[in-house]
Amino acid sequence: PRSSAQELQLREKYRPLGEKVVIPERAVDGLDAIWHSDLVVSAGGTMNREAALLGVPTYSILTAALGEADRSLIREGKLTHVPTPDHVPFIRFEKRAPVQTPMISASVLDFFVERITSFGQDST
């Protein structure tokens, strides 16, 4: 939530879903949240691109024109565009297999640098 009022509104709205919806009590690191997510649905370009490059199933609900980075990720099968509500049923809600997180900070940095710098290269 971006404000206390929004937090209260969201907590009330999603209370019937119980533990299926998690509303953090404080800000969380974006990459960490993405890394541990089963999927990402967002209209935000940066978060979508980070998720797609980390191998998390990613869906863009952006209704504006897509930029080249997004179109490239779509061509590579790393990002799915969901341009209208009619496309929502095509989102695959699945539990993602646990991922091994590097434990040493230098390893984490190396991991992300390798992922980012290999963007756009043929993975075969």
inquiry  = As a quick check of understanding, evaluate side-chain contact (heavy atoms from CB on, under 4.5 Å) for N48 and L79, giving each step before the final call.
reply    = CA-CA 8 Å; N48 278 350; L79 175 68; 4.3 Å; yes

task = Could you tell me whether a side-chain N or O of T58 sits under 3.5 Å from a main-chain N or O of V56, the two making a donor and an acceptor?
result = yes

key: Verdict with supporting geometry, L73 and L53, side-chain contact (heavy atoms from CB on, under 4.5 Å)   = CA-CA 8 Å; L73 289 167; L53 290 171; 4.1 Å; yes

query = Run the side-chain contact (heavy atoms from CB on, under 4.5 Å) check on Y59 and H81 step by step: do they pass?
reply = CA-CA 6 Å; Y59 298 87; H81 190 215; over 6 Å; no

request  = Locate the shortest heavy-atom distance separating S37 from V40; write the atom from each residue and the value.
outcome  = CB-CG2, 4.4 Å

request  = Check whether V88 and V41 end up in the same hydrophobic cluster, where Ile, Leu, Val, Met, Phe, Trp and Tyr are linked by side-chain heavy atoms less than 4.5 Å apart.
outcome  = yes

task = Answer yes or no: is there a donor N or O on one side and an acceptor on the other, between the side chain of Y14 and the main chain of V22, under 3.5 Å?
result = no

ask   = If you take all heavy atoms of P57 and D38, which pair is closest and at what distance?
value = CD-O, 3.5 Å

key: Least distance between heavy atoms, L62 atom then A43 atom   = CD1-O, 3.6 Å

note = residues 15-25 vs side-chain hydrogen bond (donor to acceptor under 3.5 Å, both in side chains), sequence neighbours excluded, gives E12-R15

Test item: R71 side-chain N/O and L66 main-chain N/O as donor-acceptor pair under 3.5 Å = yes

message = For a quick test of reading the model, state the closest non-hydrogen atom pair linking L54 to F111 and the distance between them.
response = CD2-CE2, 4.2 Å

Joint hydrophobic cluster, V82 plus L39, side-chain heavy atoms closer than 4.5 Å = yes

key: Main-chain N/O of I61 paired with H87 side-chain donor or acceptor, under 3.5 Å   = no

inquiry  = Any carboxylate oxygen within less than 4.0 angstrom of a Lys/Arg side-chain nitrogen, looking at E68 and R75?
reply    = yes

Smallest separation among heavy atoms of R96 and W35, with atom names = NH2-O, 2.5 Å

inquiry  = Between R49 (side chain only) and A69 (backbone N and O only), is there a donor and an acceptor less than 3.5 Å apart?
reply    = no

message = I need the minimum non-hydrogen distance between V28 and A33, along with the two atoms involved.
response = CG2-CB, 4.1 Å

